[in-house]
Amino acid sequence: MAVESRMDKIVGLCKRRGFIFQSSEIYGGSNGFWDYGPLGVELKRNVRQAWWADMITLHDELTVQPGAPSTFDMTGVETSIIMHPQVWKVSGHYDLFCDMMVDCRACKSRFRADHIQSSQCPQKPSKCPGEHDSCQLTDPREFNLMFKTTLGAMGTEADAAFLRPETAQGMFVNFKNVCDSSRVKIPFGIAQIGKSFRNEITPRNFTFRSREFEQMEMEFFCHPSHSLAWYQYWRDRRYNWYINLGISKANLILREHAKEELAHYSVGTADLEYAFPFLGPGEYGELEGVAHRGDFDLRSHSEGKLKKEGESLVVEQGADGKPKYAGSGKDLSYFDDQTRERFIPHVIEPAAGCDRATLAFLCEAYYEDEQPDEKGVMQSRVVLRLHPRLAPIKVAVFPLIKKEGMPEKAAELYRDLKQAGIAAAFDQQAAIGRRYRRMDEIGTPYCVTIDGETMTAGTVTVRDRDTLEQIRLPMNEVVGYVQGKLRG
RNA sequence: GCGGGCGUAGCUCAAUGGUAGAGCUCCAGCCUUCCAAGCUGGUGGUGUGGGUUCGAUUCCCAUCGCCCGCUCCA
């Protein structure tokens, strides 16, 4: 058996301490689905909250943000997971995700059934798949990356609906509703956090590629002539969000897509990628894509599914000469009453994976170091150096020993912290050193210990997770101290 | 989905065609005045379903899950 890898240790810690479990584990597990445990749910909530606060709650619409072309508005929505089936036809997901596919058992390649005639056999490029002697093609099989369900108890194929493969369409189809109801003016953004579903062929690498996952997406609508500047603004701002929450610059890269790599509608896309431990040296996994989507989405939902023809996007025609998938027919243009100009806004989309961000923060935080025990012998220590704002528990309170009134005093402080809205823990079980280690392993940044001096002088020690240094504070200053650390 | 490897306790690892053990963790008690201490006791396991057999954790089949490669993406 090989030495346990860093990733194995992180996965083990996640299970051991209740961050992440495999879904339906007692029944043998369900591939590509994950459950967040008591600590994991807090960590992920904190990731979500950090994103939402940055995007919405703390956004200052009166001040020009550093690096931004102008002031802007931010709003949020929460839209349904099952949408009108036409949404996915117009967005392109239906065609992209619902193909009939043919596999070749000989060369292990997969081809779209309707593209066989124009594809090359990997073993003999001059021939089509199936024409080479050794080819062993399967029958065409439905290869559906969207989860299908049916509407209504008697649902037939005509009632087929899909679980959303991304949250973005919820913002596009509500563009007009938000404009009409919230007095926002362009430029502005609509943000949403929610579950999305993709029937991934090969879920892999812990929670990195799951079939059910949570996205944190924002669609930013702006004037076409300013779109490039906004693209650059959001790309850099999103990079800094991760850095400010503790991701090191050594492990995070901002990678601009090459022109060939861009989606059919995109003018520019950058990926924020993290050096996950399960990847090889120099390899990175995508945390977030920041895409310049032009006017593709709003035009599609207005006119019908678009395809690229030369340099422009045109409505894709069916065999009958009508649009292959009709749009809503609603006018999704925007009228600027200052400049008296009507235009279809361009869209900048930072689309982040919440589970991926959570996993990256966990990976980044995982450390093993050596600390002396009470006899001065070096012992290995596992510590999660999570940013205090992300830590599931912010502060733990310990009575040094289980008598002389210390547990009662500790409970008093614990209650004060809870009253102040701080996630606090109380532990009087086992030796003090063990309690510190337990908290290190789940990333609790501060441990407060009630000792003999607390009983006489009213002071406590506050021990720092990363430095192990202790300071003495009056007990009634602990709440303010922790609040200050969480703010800074 | 295809090909290869792997499934014994929460973790690390034993053993066996005939009652599955240990260390650590965890829980309870005692002790303990600052970094996984000590003592006592306790919980807990052969992924799942079939087959062969008097008897299967062990042999066979299937299935599920995990890891690696193809593939895909937030």
Side-chain angles (χ1 to χ4, degrees), chain A residues 1-2 4-5 7-9 11-13 15-18 21-33 96-97 101-110 122 136 138 141-143 145 165-168 195-211 213-217 263 271-273 278 285-291 349-357 359 371-377 379-382 398-404 406 429-441 447 449-455 460-461 463 465 468 470:
Chain A
M1 195 71 190
E4 200 182 15
S5 74
M7 195 62 209
D8 290 337
K9 289 177 180 175
V11 173
L13 173 64
K15 183 177 182 197
R16 190 169 72 249
R17 301 310 305 268
F21 309 121
Q22 187 166 28
S23 168
S24 316
E25 193 185 301
I26 62 168
Y27 285 103
S30 188
N31 193 0
F33 297 95
L96 196 65
F97 280 13
M101 303 296 284
V102 169
D103 289 316
C104 177
R105 293 192 206 282
C107 63
K108 316 292 179 215
S109 302
R110 172 170 292 138
Q136 296 176 42
T138 61
R141 289 181 289 198
E142 192 171 5
F143 194 76
L145 262 49
E166 62 171 36
T167 60
K195 288 283 184 77
S196 291
F197 303 83
R198 294 188 192 180
N199 209 348
E200 295 288 348
I201 310 153
T202 312
R204 198 66 63 94
N205 289 329
F206 203 29
T207 59
F208 182 76
R209 188 186 297 133
S210 306
R211 289 182 165 140
F213 58 100
E214 189 149 352
Q215 292 186 299
M216 306 186 291
E217 293 197 291
D271 280 349
L272 292 166
E273 300 182 335
F278 52 76
E286 184 177 352
L287 284 179
E288 170 163 355
V290 183
E349 176 194 80
C354 184
D355 306 274
R356 287 186 176 184
L359 182 59
Q371 299 296 343
D373 65 15
E374 63 170 8
K375 294 174 188 134
V377 180
Q379 301 281 352
S380 70
R381 173 180 83 133
V382 172
F398 306 146
L400 184 58
I401 54 171
K402 218 191 292 186
K403 56 185 179 187
E404 293 173 26
M406 291 182 201
Q429 206 59 251
I432 190 76
R434 181 184 296 276
R435 283 178 269 167
Y436 284 141
R437 298 298 170 88
R438 282 203 280 246
M439 285 297 153
D440 290 341
E441 205 179 36
C447 293
T449 299
I450 278 41
D451 57 17
E453 268 186 71
T454 313
M455 312 313 288
V460 298
T461 63
R463 176 259 198 190
R465 174 195 68 199
L468 277 70
Q470 289 182 311

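Protein chains get the first letters and strands the later ones, always in sequence-line order, with residue 1 at the start of each.
Regarding A:R211, its CZ atom lies at a distance of 8 Å from the P atom of B:rG1, rounded to whole Å. Atoms CD1 (A:I401) and P (B:rC35) sit 14 Å apart, rounded to a whole Å. Atoms CE (A:M7) and P (B:rC66) sit 13 Å apart, rounded to a whole Å. Look at OH on A:Y27: it is 20 Å from C1' on B:rG7, rounded to the nearest Å. Distance A:E441 CD to B:rC26 C1': 12 Å, rounded to the nearest Å. Taking atom CG of residue A:N199 and atom C1' of nucleotide B:rA74, one finds them 16 Å apart after rounding to whole Å. Rounded to whole Å, atom P of B:rA74 lies 15 Å from atom CE of A:M216. Distance, A:R198 CZ to B:rG1 P: 20 Å, rounded to whole Å.
The backbone N or O of A:V11 lies less than 3.5 Å from no partner atom in the side chain of A:D8, so there is not a single donor-acceptor pair.
Nucleotide B:rA74 forms a pair with no other nucleotide shown, judged by Watson-Crick or G-U wobble geometry with both contacts under 3.5 Å. In this structure, B:rG69 forms a base pair with B:rC2, meeting either the Watson-Crick or the G-U wobble geometry with both donor-acceptor distances under 3.5 Å. Pair assignment for B:rC26: B:rG42, on the basis of Watson-Crick or G-U wobble contacts that are both within less than 3.5 Å. Across all strands shown, B:rU52 forms no Watson-Crick or G-U wobble pair with both key distances under 3.5 Å.
Contact annotation for A:E200: base contact, defined as any heavy-atom pair under 4.0 Å involving a base atom. As judged by a 4.0 angstrom heavy-atom cut-off over every strand, A:E404 is placed among the base-contacting residues. Heavy atoms of A:S196 sit nowhere under 4.0 angstrom from any nucleic acid atom. Among the heavy atoms of the strands lying under 4.0 Å from A:D451 is at least one base atom, whether or not backbone atoms are also near. Within the nucleic acid shown, A:F208 comes within 4.0 Å of at least one base atom, counting heavy atoms only. Residue contacts shown for A:R435 are absent, as no nucleic acid heavy atom lies under 4.0 Å away. Looking at heavy-atom distances under 4.0 Å, A:K402 makes contact with a base. Across all strands, A:Q470 comes closer than 4.0 Å to base atoms (heavy-atom distances). Counting non-hydrogen atoms under 4.0 angstrom, A:L287 reaches the backbone sugars and phosphates but no base.
Toward the 5′ end of RNA chain B lies the nearest nucleotide of A:K15, the other residue of the pair A:K15 and A:R437 mapping further downstream.
Taking atom C1' in both B:rG10 and B:rG44, the straight-line distance is 9 Å, to the nearest Å. Taking atom P in both B:rA22 and B:rU63, the straight-line distance is 37 Å, to the nearest Å. Nucleotides B:rU48 and B:rG65 place their C1' atoms 10 Å apart, quoted to the nearest Å. Look at the P atom in both B:rC59 and B:rU71: the space between them is 36 Å, to the nearest Å. Atom C1' of B:rA15 sits at a distance of 26 Å from the matching atom of B:rC67, rounded to the whole Å. Taking atom C1' in both B:rU25 and B:rC13, one finds a spacing of 14 Å when rounded to whole Å. Going from the C1' atom of B:rC24 to that of B:rA37 covers 15 Å, rounded to whole Å. Comparing B:rC27 with B:rG69, their C1' atoms are spaced 44 Å from each other, to the whole Å.
Of the candidates B:rC73, B:rG65, B:rU33, the closest approach to any side-chain atom of A:Q22 belongs to B:rG65. The side chain of A:R438 lies closest to B:rC26, out of B:rC26, B:rC73, B:rC68. Which of B:rC26, B:rC35, B:rC34 sits closest to the side chain of A:T449 comes down to B:rC34. Here the side chain of A:N205 is nearest to one of B:rC68, B:rC27, B:rA74, namely B:rC68.
Between A:D440 and A:R435 there is no salt bridge, since no side-chain nitrogen of the basic residue lies less than 4.0 Å from a carboxylate oxygen of the acidic one. Using a cutoff of 4.0 Å between basic side-chain nitrogens and carboxylate oxygens, A:R356 and A:E288 are not scored as salt-bridged.
For A:R204 against B:rC73, no side-chain N or O and base N or O form a donor-acceptor pair under 3.5 Å. Taking 3.5 Å as the limit, the base of B:rC72 and the side chain of A:R209 contain a donor-acceptor pair of atoms between them.
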Stepwise side-chain contact (heavy atoms from CB on, under 4.5 Å) test for A:E441 and A:R16: CA-CA 10 Å; A:E441 205 179 36; A:R16 190 169 72 249; 2.4 Å; yes
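Atom OH in A:Y27 sits 9.0 Å away from atom OG in A:S24 (nearest 0.5 Å).
One finds a side-chain N or O of A:N31 lying less than 4.0 angstrom from the OP1 or OP2 phosphate oxygen of B:rC66. The phosphate of B:rA37 (OP1 or OP2) has a side-chain N or O of A:R434 nearer than 4.0 angstrom.
Residue A:S196 forms a side-chain hydrogen bond (donor to acceptor under 3.5 Å, both in side chains) with just one option from A:E166, A:Q215, A:R211, A:E214, and that option is A:Q215.
Once the 5.5 Å centre distance and the 30° plane angle are applied, the aromatic ring of A:Y436 is found not to be stacked with the base of B:rA36.
For A:F197 and A:F213, the distance between ring centers is not under 6.0 angstrom. A ring-centre distance under 6.0 Å is found for A:F278 and A:F208.
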